[in-house]
Amino acid sequence: MRICVVLPSEQQKAQAGVRIRYERITAELQAHGHTLDLVPITDFLVNVHPAHDCYLISKCYDARALLLAAQLRRAGKQVGVDLFDDYFSQVDDSRFTRLRYWLRALLRNCSFVLCSTEGMRGVALQYAPHLPVHLMNDPAPGDDVSTMVQALDQKLATLRATRRIEVLWFGMGDNPNFPVGLADLGAFGAEVARLGGFGLSVHLTVLTNRRALTADRLEQLRGLGLAHTVQEWSEEAEQQLLARSLLAFLPVNAQQFSRVKSLNRAVTALCSGTQVLSAGYPLYAPLGAFVYRDGRLFLADLAKERLLLRAETVAQLQQQMQRLASVTSEASGLAQFLAQLPGRPAEDDSTYAVLHGRETTGEIHKFAQKRAALSVATPMCSLDLNYDVRFDMTSAGLQAMVSTKKVPLLAPAVMALLQPGGNLLTTEYMMLPASQLISQLHVQQTPVGALLEQNCPAADAAAYPAMSAAIVAAMTAMFPAVECIFSEQSKRTPWHVPVSPTGEAAA
Amino acid sequence: MLIENKSALASGNQALRDGLYAEAIPLYASALLETPELGKTLAFNLHWAQQRLPEMATGAKARCLGRISREELPGLAASGADVELIGSILLPRADHAGSKAAGGRLRVLQAIDGPDWLIQAITFVAGTRYAQVELVRPTLMNFVFGLLYKQIWNARVVVVAEGGTGGNVLARPASIEKLRGAAWDQQVGGMAAMFDIAGEQRPARLGKAARQFAARLNSPLLMAFLHEVERPRRAPAQAKEAGSGGWMPFSMCPAPAPRPPAFLAAHEWQYLPVVSLIEFGGIPVGVPNAGNDSAAVLPARLAAGFRAFSALNGMPAAHGLAVRGPAGAQHVVMDAAPDVAIEIVHRFGPSGLQLRRAWYASMRLLRLHVDTGSVGETRVLRAYQYDAAMDGRLVMVAEGALGIGGRTVLDLALLNPYLPVLLLVSDAHGQLLDTALLPFPSLLPNGLHAAEAATAGRDAMEAAAVLAQGYFDEWQQAYGAGGAFALGEYLVDVHGAIGTEKIFGTDLKEWLWTVFGTRVKLWRLPEKDEGDRGFWEQACRAPHGAGDAKRYAEQTARERAGLRLLAPVTAIPTLRALTACRVNGRAVPFRRGEYLLVTGGQGAPRYHVRVPDFTVAPERALQTEGIVRHPTVLMEKNAGAGLQEGTGAAVIVFAETDSAQQPELIYPFALDGPMPFAYEAPTQAPSVAVFINAAWPSEAALTAALETLRNQGGVALSSVTLLQAAGADAHGLQRALAAVFPDIGVLCERAPGETERAAIARVLDQRPEQAGSHVVVMGQAVLVHDPRTLAVFAHLLAHPKVASVGCPLIVRAEQKPNAPYAVQFSGLVGHSEGDSEPALARVDLHALYPRALLPIACNGSAFVMLSEEQLRRGLRQRTQNSTLEEVVHGWSVNQSERQMLHLQATGLTVEALGTLPSHMSGPVACPANFGIHLHLLPS
């Protein structure tokens with residue numbers, strides 16, 4: 001089977017997450033007779049015909065992925081989505097309506113879901129109870145027993161000499177939407193502070209991204225009263241610090257976003273011969289035999305020099321890794337899962353329409369047109385491009401302009417209602433007046449024209465549901481069997497489109 | 001071993017513990033140079049190390065010649081001995097001549113010369129060990145060398161009386177010029193005869209003479225090296241532990257920085273030439289007074305401090321006060337009840353020290369500012385906490401010398417920021433002099449209970465001291481025989497919790513269990529979290545090792561008899577609630593719905609909050625908000641009757657401080673998600689009439705606002721009435737109404753001289769009175785962007801106790817598309833400060849309580865829903881109010897006085913397009929004795 005992982009950009013290939021999750025299993029999949037390619041979504045601008053058997057959408061959170069998935073499904077391809085971060089289960093949080101819409105729309109065309117943790121499986125099943133979900137753990141790096149044992153000995157020797165516990169906290173220090181990372185460190189940092197005394201000093205190194213180092217968070221760190229050093233994250237720095245740290249502190253809060261995270265950090269720490277102390281939510285329970293939940297127990301073990309991870313238990317850790325994060329088993333598990341998916345028949349292609357909202361991008365517009373979809377401007381859209389269809393709000397209601405090139409796609413009855421519309425940019429349009437839409441095509445319109453004129457997020461948020469419903473109704477009346485996809489990238493406006501129980505934008 | 005930042009004494013002690021005696025001796029010598037005032041102790045340590053120092057191996061260098069004359073050089077060279085010279089002016093020549101004559105066997109080691117010759121000599125002797133030293137002539141400097149070798153290395157020192165007139169070759173440093181003369185030569189000559197002779201050592205006679213000599217020399221430094229040493233008679237208390245792998249000394253103190261010579265550190269007491277140490281909590285805490293090896297003679301004040309601290313921490317008898325002497329530890333029986341007659345809380349006694357300031361510099365770094373006043377001698381302050389976990393032990397959390405006659409800042413690296421702190425004052429040698437107790441240090445500024453002290457409204461230190469004393473007294477009463485704590489169970493509602501809340505902090509749980517014998521318990525687990533029950537129970541559990549069967553038994557009994565306090569998960573209990581003593585079964589020592597609101601990680605005091613009883617019913621809170629937001633006392637059915645409530649706050653609530661992001665301000669609850677805030681599911685869409693009396697920036701803005709009303713779901717709009725303002729374009733208003741509400745829109749044009757009140761009354765009179773219908777008063781231009789707004793308001797208004805419902809007004813700072821929003825208004829609340837009477841004030845409740853349902857004093861008239869019947873009543877009231885705004889305001893006041901609630905739903909917002917009505921934006925004079933009341937706390 002030829003597997004294609006669709007990434008948002010070429011640069012994404014360099015991200016640690018991509019390397020850990022996909023590149024580590026590539027060779028192993030080959031051993032099973034499969035190939036795995038990492039392909040930026042922009043490549044589908046030119047590669048119109050799908051060459052792979054299975055497509056996995058990874059972190060492409062915009063309308064391009066929705067359109068591509070729909071077209072691939074029609075082509076009879078297996079389409080799946082890989083879910084890592086939980087921006088989907090906070091159903092009352094207005095910041096993520098965009099992503100909830102994205103997932104609902106995407107899953108309509110998926111034949112499976114891949115996820116990284118058991119928690120994410122639960123989230124996936126909430127959205128798509130009918131779809132098969134496969135859990136593929138992030139594979140662990142290859143570990144060298146002798147190196148690990150050597151590292152463990154070295155760290156203890158250093159401790160004896162310096163009487164200082166080197167503690168490392170590493171990872172993303174922030175998230176724009178949730179209190180995680182350094183916030184967790186601030187909340188649970190007392191657990192590290194409690195290691196102090198008893199003849200040992202404690203030094204904490206914080207290895208994180210620069211963006212996270214705001215004055216508030218640094219103040220929170222200072223408040224811990226711990227001697228600490230802050231370094232900017234790099235892979236090299238992480239390896240160096242793990243090599244010399246006795247203990248990795250991995251606190252986890254209990255909010256849903258954090259509960260479904262992978263075991264990555266604990267696995268990385270343990271494989272480098274670093275003890276792990278975790279506080280808060282027991283995310284790392286599957287590695288429980290090697291993870292301290294109480295700093296005092298760590299101290300007690302330290303005094304006896306019988307830490308959870310030591311030369312005698314390294315083999316046990318390896319066995320655990322085999323179960324939880326083995327490249328071999330994860331790759332074969334994925335291959336087996338994909339092979340068992342029922343085949344999908346190819347279907348006649350449909351007409352797709354990408355409806356551009358307040359904030360969209362030229363790339364999405366171009367992508368839609370290259371992929372033979374209609375690129376449609378809603379009245380909110382401020383980007384002036386050669387759209388195939390434009391909707392404007394007039395005093396009488398919504399009015400449509402259709403590119404003359406796309407007129408043949410219209411329902412025959414609609415063609416008769418068209419009037420000359422003139423040229424906009426380099427496109428020639430035919431016009432469908434609001435009066436025709438209402439009277440002839442029976443498109444119900446709730447008045448939102450004045451709201452749209454206000455041009456402010458709250459007014460937009462108020463107008464969005466009514467406006468989007470009216471446009472979908474109009475598009476459905478104008479283009480037979482059209483499937484509408486919204487392209488709205490605004491993070492400031494809590495936009496919302498009514499969605500039918502089947503996941504389709506309601507008319 | 002890497003030794004960092006240690007004093008020579010500490011390093012010497014470390015070397016001694018490690019059995020590195022040859023290393024320890026020069027370190028002690030260096031320590032003597034650093035701290036001659038500790039000469040007695042150091043001399044003892046030196047002697048201790050000497051006793052264990054293996055004899056030098058045969059064949060090691062065994063001879064040293066002191067300073068010699070030029071004439072002696074050839075003789076030495078001819079003697080065939082290995083000769084090392086210590087000299088000064090002759091050295092270059094001697095080196096040359098000696099090397100030449102002796103074939104390299106004559107070496108010059110070091111030049112010792114100049115005013116600091118004695119320091120040079122000590123440094124040299126300390127660094128150069130010999131088994132035997134031969135001095136060629138009994139000169140003054142040679143004699144000092146002999147003394148030093150005797151004292152530092154216990155070397156055999158022999159004076160070789162050879163010929164020659166050393167006087168002319170001796171260096172004569174300026175500082176000893178005055179020592180010339182026959183008397184000195186005679187004395188030195190006489191003493192030199194006391195050095196060893198072949199086969200015999202005579203240190204005893206020498207010692208006394210040497211001390212007399214040093215006294216005459218007026219050299220404290222040399223005197224420090226000549227202390228008379230007693231042979232130790234007991235094994236060091238911790239030596240055994242050190243030998244058995246106990247390499248963790250019980251100290252929280254960071255590695256000591258190099259410090260000025262001042263005092264003997266606690267870990268150095270074990271090397272004292274005394275027979276006994278006072279132990280407490282399993283570790284030495286002091287040295288008995290000279291001549292008294294018994295703790296029984298401890299001053300009463302000290303005994304009281306130990307007793308109180310022991311009781312607070314529930315220390316086992318084995319960790320009580322004891323005196324460890326040669327025959328082992330002898331425990332001292334302490335009274336069960338602390339002596340309350342002696343003031344030890346936040347106060348020192350006879351030492352004259354005063355605790356001026358104390359504050360938390362970080363989460364667990366408590367900084368004390370101590371005034372030493374006129375104390376003229378070195379005083380050492382040590383602080384201790386008791387670590388109940390892991391079998392319990394006392395931990396020293398600070399140790400430092402106090403400056404003489406001034407103020408000293410001492411940092412306490414606390415084991416736990418909540419646990420009691422025992423302060424002990426000693427002299428430089430460790431003899432205990434005084435004590436003070438911080439029973440509840442978290443009351444101190446920046447502590448997590450500092451808000452309680454802030455309520456006292458006076459100097460923070462004074463308030464903390466007064467409260468600490470009061471709480472401690474009450475704690476003793478509850479803890480003592482026959483007493484009982486009023487609080488039986490502390491329950492938390494974990495709806496919406498994320499596990500980082502302070503109530504789940506290990507320090508807090510450990511403290512609750514150790515000092516109060518109580519635990520945090522779950523109230524009701526959210527259904528969605530049922531699978532995580534184990535986690536939440538674990539999150540509430542006392543930390544590992546803190547529990548014991550006795551406490552569990554006490555807890556069970558206590559839960560049966562005490563009050564059940566239910567608190568939001570963002571709260572921690574106040575000391576008031578925790579220490580309160582049970583008077584009788586029906587008394588509540590605090591008021592339900594009363595709490596302290598703090599912000600920030602360290603809990604900066606903001607408000608003392610009181611909410612009406614109606615709001616604190618937990619079942620209703622869960623039903624309407626999905627969360628318990630205010631503390632309450634859970635009572636059995638009908639048990640509330642006759643309940644005697646006290647006053648004061650039961651908990652400290654940590655308010656949310658992250659400002660809402662823009663989408664959250666627009667839709668606090670997402671449009672595609674569930675919306676709480678309903679008492680019951682509506683069976684029929686309520687009828688709502690809208691009255692609009694606002695100035696609109698444009699006709700388009702008015703039309704937009706009408707469109708948002710048209711979008712409202714879940715209600716049946718019966719009419720939308722626009723009151724024509726003076727000068728407003730009636731045609732424009734009519735156009736807007738006709739465009740959006742052609743059927744139910746009404747433009748109320750006022751006749752000349754007709755008041756708003758009369759015009760509204762006229763409109764209302766024209767329509768039939770409909771039971772259960774509601775009215776929305778829109779006194780300000782707003783966009784009701786959330787289509788659920790009116791339905792939610794109507795549902796909330798259905799409750800018979802609710803008079804009106806409103807929500808925050810958000811506004812853009814600039815009229816630009818992406819200008820950020822801010823909260824313009826979120827209700828008028830009762831507000832006071834200091835001793836002032838409550839007054840109505842605008843407070844940003846949305847920032848303090850996002851997505852909440854709050855009872856407030858008044859919703860104002862900008863955007864509020866009330867029942868149509870109530871509006872009609874308001875209009876009928878005989879007042880001078882002529883505008884709609886005044887009518888609504890007057891009616892609101894009237895409703896508050898009748899104990900009816902105005903609810904502010906911060907889970908909804910409307911966008912304000914204009915300015916607030918005058919009653920909401922300016923100072924308001926009306927009673928503010930109902931709804932939520934906020935008393936501003938001094939920060």
Side-chain angles (χ1 to χ4, degrees), chain A residues 91-97 100-101 161-162 177 179 183-184 186-191 193-194 196-201 220 222-225 253-255 258 280-282 294 296-297 300 303 446-451 453-459 461-463 465-466 491-494 496 499, chain B residues 1-2 245 247-255 361-365 389-390 395 413 415 497-500 505-507 532 535 543-545 601-602 658 661-664 666-674 700-701 703-704 707-708 710-711 739-740 783 785-787 810 812 817-818 821 911:
Chain A
V91 292
D92 62 358
D93 196 324
S94 52
R95 295 169 300 174
F96 309 120
T97 46
R100 289 196 290 272
Y101 165 77
T162 62
N177 301 304
D184 286 349
F188 293 108
E191 299 299 325
R194 287 170 66 87
F198 311 102
L200 300 170
S201 62
Q220 205 174 12
R222 193 201 66 82
L224 293 177
N253 71 53
Q255 65 191 322
S258 304
Y281 190 75
D294 186 323
R296 294 296 174 86
L297 295 180
T446 307
V448 291
L451 272 174
E453 275 182 41
Q454 294 299 305
N455 197 15
C456 70
K491 293 177 181 173
R492 289 185 287 268
T493 302
H496 169 65
V499 177
Chain B
M1 175 177 36
L2 183 67
W247 48 277
M248 294 181 177
F250 302 151
S251 171
M252 282 290 290
C253 305
S362 70
M363 190 188 291
R364 55 215 306 132
L365 188 71
M390 313 290 276
V395 176
L415 177 75
I498 64 170
T500 58
T506 310
D507 290 336
D532 289 321
F535 161 64
H544 177 85
Q602 277 298 106
D658 286 341
Q661 295 175 13
Q662 182 160 296
E664 296 170 295
I666 297 171
Y667 282 146
F669 291 98
L671 202 51
D672 61 333
T703 312
E707 286 176 355
T708 60
R710 173 82 181 261
N711 270 334
V740 186
L783 294 178
H785 53 260
D786 192 327
I810 59 171
R812 279 176 296 156
N818 292 319
Y821 282 96
E911 182 181 1

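Lettering of chains follows the sequences in order, A, B, ..., and the numbering in each one begins at 1.
- Heavy atoms of Gln255(A) lying under 4.5 Å from chain B belong to its backbone as well as its side chain.
- Both the backbone and the side chain of Ala459(A) come within contact range of chain B, judged by heavy atoms closer than 4.5 Å.
- The part of Asp532(B) that comes within reach of chain A is its side chain, from C-beta onward, which places non-hydrogen atoms under 4.5 angstrom from that chain.
- Counting heavy-atom pairs closer than 4.5 Å to chain B, the top residue among Asn455(A), Thr493(A), Asp184(A) is Asn455(A).
- When heavy atoms are compared at a cutoff of 4.5 Å, Glu911(B) approaches chain A solely by way of its side chain, counted from C-beta outward.
- For the residue pair Asn253(A)/Ser258(A), the side-chain donor-acceptor check at 3.5 Å is satisfied.
- For Phe188(A), the part sitting under 4.5 Å from any heavy atom of chain B is the side chain, from C-beta outward, and nothing else.
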query: Does the side-chain contact (heavy atoms from CB on, under 4.5 Å) test come out yes or no for Glu453(A) and Thr703(B), once each step is laid out?
result: CA-CA 10 Å; Glu453(A) 275 182 41; Thr703(B) 312; over 6 Å; no

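- When the candidates Ala461(A), Gly186(A), Pro457(A) are compared by the number of heavy-atom contacts under 4.5 Å with chain B, Pro457(A) comes out ahead.
- With a 4.5 Å cut-off on non-hydrogen atoms, Leu365(B) does not touch chain A at all.
- Within the 3.5 Å criterion, the main-chain N or O of Gly280(A) finds no donor-acceptor partner in the side chain of Glu191(A).
- Here Pro674(B) is the residue among Ala739(B), Ala497(B), Pro674(B) with the most heavy-atom pairs under 4.5 Å with chain A.
- For Phe535(B) against Tyr281(A), the heavy-atom pair with the smallest separation is CE1-CA, 3.5 Å.
- Only the side chain of Asn711(B) comes within less than 4.5 Å of a heavy atom of chain A; its backbone N, CA, C and O stay farther away.
- Contact count against chain B (heavy-atom pairs under 4.5 Å) is highest for Gly223(A) among Ala183(A), Gly223(A), Ala187(A), Ala190(A).
- Side chain of Arg364(B) to backbone of Leu224(A): no donor-acceptor contact under 3.5 angstrom is found.
- Without hydrogens or angle criteria, Arg95(A) side chain to Asn177(A) main chain gives a donor-acceptor distance under 3.5 Å.
- Of the listed residues Pro282(A), Gly225(A), Cys456(A), Gly449(A), the one with more heavy-atom pairs under 4.5 angstrom with chain B than any other is Cys456(A).
- Between Tyr667(B) and His785(B), the distance separating the two ring centers is shorter than 6.0 angstrom.
- Interface remark: of the candidates His496(A), Arg222(A), Arg492(A), Arg492(A) forms the most heavy-atom pairs closer than 4.5 Å to chain B.
- If you take CG on Leu671(B) and OG1 on Thr97(A), they are separated by 8.5 Å, rounding to the nearest 0.5 Å.
- The backbone N or O of Ala450(A) sits less than 3.5 Å from a side-chain atom of Glu707(B), completing a donor-acceptor pair.
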